[in-house]
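So you know, we letter chains A, B, ... as the sequences are listed, proteins then strands, and number each from 1.
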Amino acid sequence: MSVTLLIEQLINGLQLGTMLFLMASGLTLVFGVMGLINLAHGSFYMVGAYVTALTSVSTGSFPLGLAAGVLAAAAAGAIVELLVIRRLYGRSHLDQVLATFALILIFSEGTRWLFGSSPLWLSPPEALSGSVALPGGSRYPVYRLVIIAVGVVVAAGLYLLIAHTRLGMRIRAGESDREIIGALGVNIRRLYTLVFALGAALAGLAGSLVGALQSVQVGMGEPVLILAFVVIVIGGIGSIKGALLGALLVGMVDTLGRVFLPALFGQFMSPSDAAGAGTALAAMLIYILMAVILAFKPKGLFAAHD
Amino acid sequence: MNTLTRAGLGLLMTTAVATAQADDVKIGMITTLSGGGSHLGVDVRDGFMLAMNQADRDDLEVLIQDDARRPDLAKSLSNEFMQRDQVDILTGIIWSNLAMAVVPSVVRQGTFYLSPNAGPSDLAGRMCHENYFNVAYQNDNLHGAMGAYMRGQGFENPLLMAPNYPAGTDALAGFKHLFEGEVADEIYTQLGQTDYAAEIARIRASDADSLFFFLPGGMGISFMKQWESSGVEMPVFGAAFSFDETIIKAVGSAAIGAMNTSQWAYDLDNAANQAFVEGFQEAYERMPTLYAAQGYDTARLILSALDKAHPSDKDAFRDALRDADFDSVRGEFRFGSNHHPIQDIHVREVVEGEDGEPTNRLVGIAVKDIQDVYAEQCRM
């Protein structure tokens, strides 16, 4: 196990973590402010990726596609909030889960109906498609470094927004007491729509960025959604800081587990069995992490409502 | 959607015409038309219906149902076809786990089943049956052929990668069986995994001279794109499942240069294949994949057997199927003792096509007359 490999895997973990943060921050905001469990968050991820793929192919410009993807996801979020989600705030979590699960089905089958079941083509822009040298002689894709940078910028932006702006103050107020800020004359309905659209835009950004690395296809959002839920449960529901820390933790544990567990098992098993057993345990590792953290901190690392 | 409606309308019409005669033949098709991996089922169906439409027979009825890749649904659809519609022949299943749920009981009850894709080892070996025919391949065929090809090309230390599920472990076992040498390492990924950064770093750190992978569907697309930008220089090999025309279009230039094995290629030089490729493009306005070719061959095998016997005369119809008296789009084609194909497996390379999009080009033959190793376990 060389130092080069370790460095590369640490960057990989960081990259997975920042991508998860983009998903989880929107999810945790919506849960923290509105108390809503939104399973359809992965659909905005898919919307972002599809619109980016379509726009960047037709215009030939990836940045334009990225902007279109983020805006489309935000618009989809706002429309869904106005039409459906708005009616769910007063209902039980089970109703919310049912309704947002229905939204997943509608988005998935609608996308299939419009664009077919074949995956779409989307690649990183030419300028970012190469790789750079890492210390130790290895190489690393530029595009993945860009994703990390975008994640850092978004995290800083969210911190500024929530800690230093009027909107952020209202979001924080909404998290701690919904009724009172309504009574104080804040237009709570508009605030909810805004927060929901912001969350959807972040998911759309993640989908657009990652779509260029992976395949743009129906149902691409759901595997990420599951990880994002693990992240916000670990980080503490409603906490942006928790989402950031949880995302980095999950990203690191998942990546390093996938690499080093099979190697560890290989010390005392045949290569074929070690690969199988190591992979199986690596797949469980983040859930084990979640269970351990919840055993000591039942509300997650930074619960918003302590 | 449009093709679906058309197929539906076509069905209604054949039903109306066909009810007149009692000795009409009913064919039930259970395949995956929605959910993940549905482009495989759509292609099998379209290839199958192309052959049916070209034959233009009015004593045939094809009923099509979507299994949504769910074993339980496939099972209940097969019961419906057998008991309510009393079909003579069943076909269409894409996934091996669905085939294992459906096929054994269907063939035991005396209905013929022709597989246009799934070829799990159990159905080729200890659970083989006289009423079960596989028109595509035994699952190991393409992987094994690539093992033999890479050995022949002088690769000595390949690294193998597949998802950690039965078809994945079978694929690597099939590869190793014909590669007959030591491999650098085996990496198992999670099924449905989308990010391969960690695996690519391991491949880079290994001393392998080549990479063989089996990542069907969206997994292969994600991997190939990430592989290209990683800057790792290593020749890439796989089976056609990761390099069908639909997938390489989504991967883009990253797929170029990859070698893959297939029992069929659109540029195979024979008259049946030319008629198929032209007919398919005309009817559906896209390039056929190997799945479409399998659907087409399945339909043509059924048609050739129907010319000789009616399915109600089971022994005569079975013999007619066994003869495989039709011009396969693959060229040479015959059944082994376990009703699985004995056929040539070809090697294709992904190249840039005339329109700038990646496409497969035939390179040569990997293995002539390959037969699965399970045939000797089959007692029929």
> Using non-hydrogen atoms only, which part of B:Thr246 is less than 4.5 Å away from chain A: side chain, backbone, both, or neither?
Replying inline: side chain
>> Taking every non-hydrogen pair under 4.5 Å, which of A:Ser123, A:Gly266, A:Ala212 racks up the most with chain B?
In response: A:Ala212
>> If you compare all heavy atoms of A:Leu120 against all heavy atoms of B:Ala250, which two are closest, and at what distance to 0.1 Å?
In response: O-CB, 4.0 Å
>> Among residues at least two apart in sequence or on other chains, which ones pass side chain to side chain contact (heavy atoms under 4.5 Å, CB included) with A:Met252?
In response: A:Leu10, A:Leu14
>> Ignoring hydrogens, what is the shortest heavy-atom contact between A:Gln9 and B:Ala198? Give both atom names and the distance.
In response: NE2-O, 3.0 Å
> chain A: which of B:Gly231, B:Ser253, B:Gly252, B:Ser229 shares the most heavy-atom pairs with it under 4.5 Å?
Replying inline: B:Ser229
> What heavy-atom pair brings A:Ser215 and B:Ser222 nearest, and what distance separates the two atoms?
Replying inline: N-OG, 3.2 Å
>> Could you measure the distance from the CE atom of A:Met284 to the CD atom of B:Gln190? Nearest 0.5 Å is fine.
In response: 10.0 Å
>> Quick check on B:Thr189 against chain A: is it the side chain, the backbone, both or neither that has a heavy atom closer than 4.5 Å?
In response: backbone
> For chain B, which residues from residues 52-59 of chain A have at least one heavy atom closer than 4.5 Å to it?
Replying inline: none
> Side chain, backbone, both or neither: which part of B:Arg204 has a non-hydrogen atom closer than 4.5 Å to chain A?
Replying inline: side chain
>> Would you compute the distance between atom CD1 of B:Ile200 and atom CG of A:Asn12 and round it to the nearest 0.5 angstrom?
In response: 8.5 Å
> Contact part of B:Val251 toward chain A, heavy-atom cut-off under 4.5 Å: side chain, backbone, both or neither?
Replying inline: backbone
> So what's closer than 4.5 Å to chain A heavy atoms on B:Ala201: side chain, backbone, both or neither?
Replying inline: both
> Among B:Glu228, B:Lys225, B:Glu186, which residue forms the greatest number of heavy-atom pairs with chain A at distances under 4.5 Å?
Replying inline: B:Lys225
> How would you list, by chain and number, every residue that makes a salt bridge (charged side-chain N to carboxylate O under 4.0 Å, His left out) with A:Glu222, sequence neighbours excluded?
Replying inline: none
>> Filter on salt bridge (charged side-chain N to carboxylate O under 4.0 Å, His left out), then keep only pairs touching residues 251-266 of chain A, sequence neighbours left out; what's left?
In response: A:Asp254-A:Arg258, A:Arg258-B:Glu199
>> What part of B:Phe223 gets within 4.5 angstrom of chain A, counting heavy atoms only: side chain, backbone, both, or neither?
In response: neither
> For the atom pair OG1 (B:Thr194) and CG (A:Leu16), what is the distance rounded to the nearest 0.5 Å?
Replying inline: 8.5 Å
>> If I compare all heavy atoms of B:Asp195 with all of A:Arg144, which pair ends up nearest, and what's the gap?
In response: OD2-NH1, 3.1 Å
> Given that the side chain runs from C-beta out, which part of A:Ser129 has a heavy atom under 4.5 Å from chain B: side chain, backbone, both or neither?
Replying inline: backbone
>> Looking at B:Glu357, I'd like to know if its CD atom is crowded, meaning that more than 12 non-hydrogen atoms belonging to other residues, nucleotides or ligands lie closer than 6.0 Å.
In response: yes
> Under a 4.5 Å heavy-atom cut-off, does chain B meet the side chain of A:Pro119, its backbone, both or neither?
Replying inline: both
> If you count the non-hydrogen atoms of other residues, nucleotides and ligands that lie under 6.0 Å from CZ in A:Phe101, is the total more than 12?
Replying inline: no
